[in-house]
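Take a look at the structure set out below.
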Amino acid sequence: MPTRRDFLVGTVGVVGATALPASPVSADPVIQTATSSSRVLGANDRARVGVIGTGRQGTGVMRGHQRLADVEIAAICDVYAPNLAKAAEVAPTAARHTDFRRILDDTNIDAVIIGAPDHWHALMTVLACQAGKDVYVEKPTSVAIAEGRAMVQAARKYSRIVQVGTQQRSQPHFQKAAEIVKSGVLGDITMVRCWNAGNTPGIGNPPDSAPPDGLDWEMWLGPAKKVAFNPNRFGVVPNAYSHFRWFWDYAGGMMTDWGVHLIDIVHMAMNVDAPLAVSTIGGTFHLTDNRETPDTIVATYQFPDFVMTYENRVCNSMPINGWSYGIEFLGTTATLFVDREHYEVRPEPAAGSKPLDPRPALTSEAAAANDTFPSHQRNFIDCVKSRQAPICDIEIGHRSTSTAILGNMALRSGQTVVWDAKAERVTNGNAKAQALVARAYRAPWKLTV
């Protein structure tokens, strides 16, 4: 299994039909000179931050940064006027824009938060790096694996700090759970299980229509292919979940929305970067709405020393071992379960006991209150100042996202994907999956580093 230091250096141009070669990453600090940025922050300086995409998630991340005394929200941007107006209530002194490039043009802005839909993450990150901005980008990093590699290369080429919003890495109880896994007290871990279970109504089948007032639909689509406006592609219902996540052009369903959070912790605890192979089954078996992503999916990943599964169902909420979502590390001597609320370790049954006898928790710990430990946002701003690599550097986030995307690639191709993590290529002749490693960009948008 290659290590991060084994990845090859490559070049990147317009994202086309093949994967981009991998680039090196190091645990060493990210060094930046005064000439490589428009403004170099000292430890006591306030970071001026621009926010691109001010829907529910983008505004939430903005609020997290706002709580930091050394952060000023200097600019906000959204292509939907109601979103921008609501964000202006949160950050009333921030400059307002409808074109994100105006934020990138502002040489007084040090960093940007990218909370736009997933299909914009890669392009906005690369352009921000080129503009000399550090980046906090929401997960998943990208829709296609080649886009994520371009993000890594841009961060390295332009010496930028890029933090991915997999905030569980900053929670102490997740870190402690990972330490327990690494300690060996669970024995040999041969299987890891991840899941989300719920029972939610469909999103219906609204007809295509004219965009609502205040929405620049052309700009919202950006590099995605031109299609008529549909309420479900955008998700304009007040307080609705982001329906765009159920369309392949913009996202990857629950696999890349929630699955990437769980996979990221597995990568951290098991000290892996990528699977060797993945097989996925699933489909839309119950819902009859116009979504494209499945309502039921099970992906099975082969790693060198263990198997990982990710299961999602949105039509039945029966929990697994009492939990509607989470991760189980299944070892020969004990099992560790972890979610955002707590972790617990339960030993294997004693000799002579029945397999279904209750197992008392050997160790358990509840999650700390959010205001009792340094946040993911705090880590990002600290790294903007120190130039140290953040806790979820873009290479780490790209690898976790890639594993999730590989599950979708196996589903959509209908075949197993055997994966060369070093070259980031499919190696078992699955041409359908290989074609999904990258995606075409609609003119005039191009992804170049």
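Numbering of residues begins at 1 and proceeds along the displayed sequence. These numbers were taken from a predicted model, which means no experiment stands behind them.
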Taking atom [atom1] of [X] as the centre, report whether more than 12 heavy atoms of other residues, nucleotides or ligands fall under 6.0 Å from it.
X	atom1	result
D188	CG	no
R63	CZ	no
N370	CG	no

Tell me whether [X] contacts the main-chain N or O of [Y] through its side chain, where contact means a donor paired with an acceptor under 3.5 Å.
X	Y	result
S413	A410	yes
D295	H286	yes
D289	N205	no
S375	R378	yes
Q167	H376	no
R245	T293	no
Q163	C392	yes
H121	P140	yes

Residues which pass side chain to side chain contact (heavy atoms under 4.5 Å, CB included) with [X], listed by chain and number, not counting sequence neighbours:
X	result
I320	R193, W195, E311, R313
D339	W323, Y325, F337, E341, H342
T427	V418, D420
R412	W248, L436

Working for salt bridge (Lys or Arg N to Asp or Glu O under 4.0 Å), residues D105 and R101: CA-CA 6 Å; D105 290 341; R101 290 170 292 190; over 6 Å; no
Test log, rule salt bridge (Lys or Arg N to Asp or Glu O under 4.0 Å), inputs R156 and D393: CA-CA 11 Å; R156 302 300 181 252; D393 173 71; 2.6 Å; yes
How far apart are the closest heavy atoms of [X] and [Y], and which atoms are they?
X	Y	value
A177	L336	O-CD1, 3.8 Å
T200	L287	O-CD2, 4.1 Å
I265	F329	O-CZ, 4.4 Å
L447	E147	CD2-CA, 4.0 Å
A74	R48	CB-NH2, 3.6 Å
A421	R399	O-NH1, 3.2 Å

What distance do [X] atom [atom1] and [Y] atom [atom2] have between them, rounded to the nearest 0.5 Å?
X	Y	atom1	atom2	result
F373	H173	CZ	NE2	8.5 Å
I297	L411	CD1	CG	4.5 Å
Y136	I114	OH	CD1	12.0 Å
M268	T166	CE	OG1	9.0 Å
W419	E424	CH2	CD	5.5 Å
T54	D78	OG1	CG	3.5 Å

From R439, H119, K225, residue fulfilling side-chain hydrogen bond (donor to acceptor under 3.5 Å, both in side chains) relative to D249: K225
Check: [Y] and [X] side chains under 4.5 Å, non-hydrogen atoms:
X	Y	value
I180	Y343	yes
V437	R425	no
D264	I396	yes
Q168	Q175	no
V135	R160	no
M255	N312	no
I76	L84	yes
M409	I145	yes

From CA spacing to verdict: side-chain hydrogen bond (donor to acceptor under 3.5 Å, both in side chains), N379, S170: CA-CA 8 Å; N379 175 253; S170 289; 5.3 Å; no
Derivation and outcome, side chain to side chain contact (heavy atoms under 4.5 Å, CB included), residues H267 and T403: CA-CA 9 Å; H267 278 203; T403 297; 3.1 Å; yes
Any pair counted as side chain to side chain donor-acceptor pair (under 3.5 Å), so long as it reaches residues 213-222, sequence neighbours left out: E218-K226, E218-R442
Parallel, tilted or perpendicular: rings of W258 and H261 (30°, 60°): perpendicular
Qualifying residue for side-chain contact (heavy atoms from CB on, under 4.5 Å) with D208, from N230, V227, N232, N290: N230
Side chains of S279 and T300, donor plus acceptor under 3.5 Å: no
No-hydrogen, no-angle side-chain donor-acceptor test under 3.5 Å, Y250 and E292: no
Trace of the side chain to side chain contact (heavy atoms under 4.5 Å, CB included) decision for Q66 with V49: CA-CA 10 Å; Q66 256 185 334; V49 175; over 6 Å; no
Partners meeting salt bridge (charged side-chain N to carboxylate O under 4.0 Å, His left out) with K182 (sequence neighbours left out): none
Side chain to side chain contact (heavy atoms under 4.5 Å, CB included) assessment of T401 paired with H398: CA-CA 5 Å; T401 296; H398 165 60; 5.6 Å; no
Under-4.0 Å salt bridge between R102 and D106: no
Salt bridge present between D118 and K139 (N-O < 4.0 angstrom): no
Steps toward side chain to side chain contact (heavy atoms under 4.5 Å, CB included) verdict (N196, Y310): CA-CA 8 Å; N196 296 98; Y310 173 73; 2.6 Å; yes
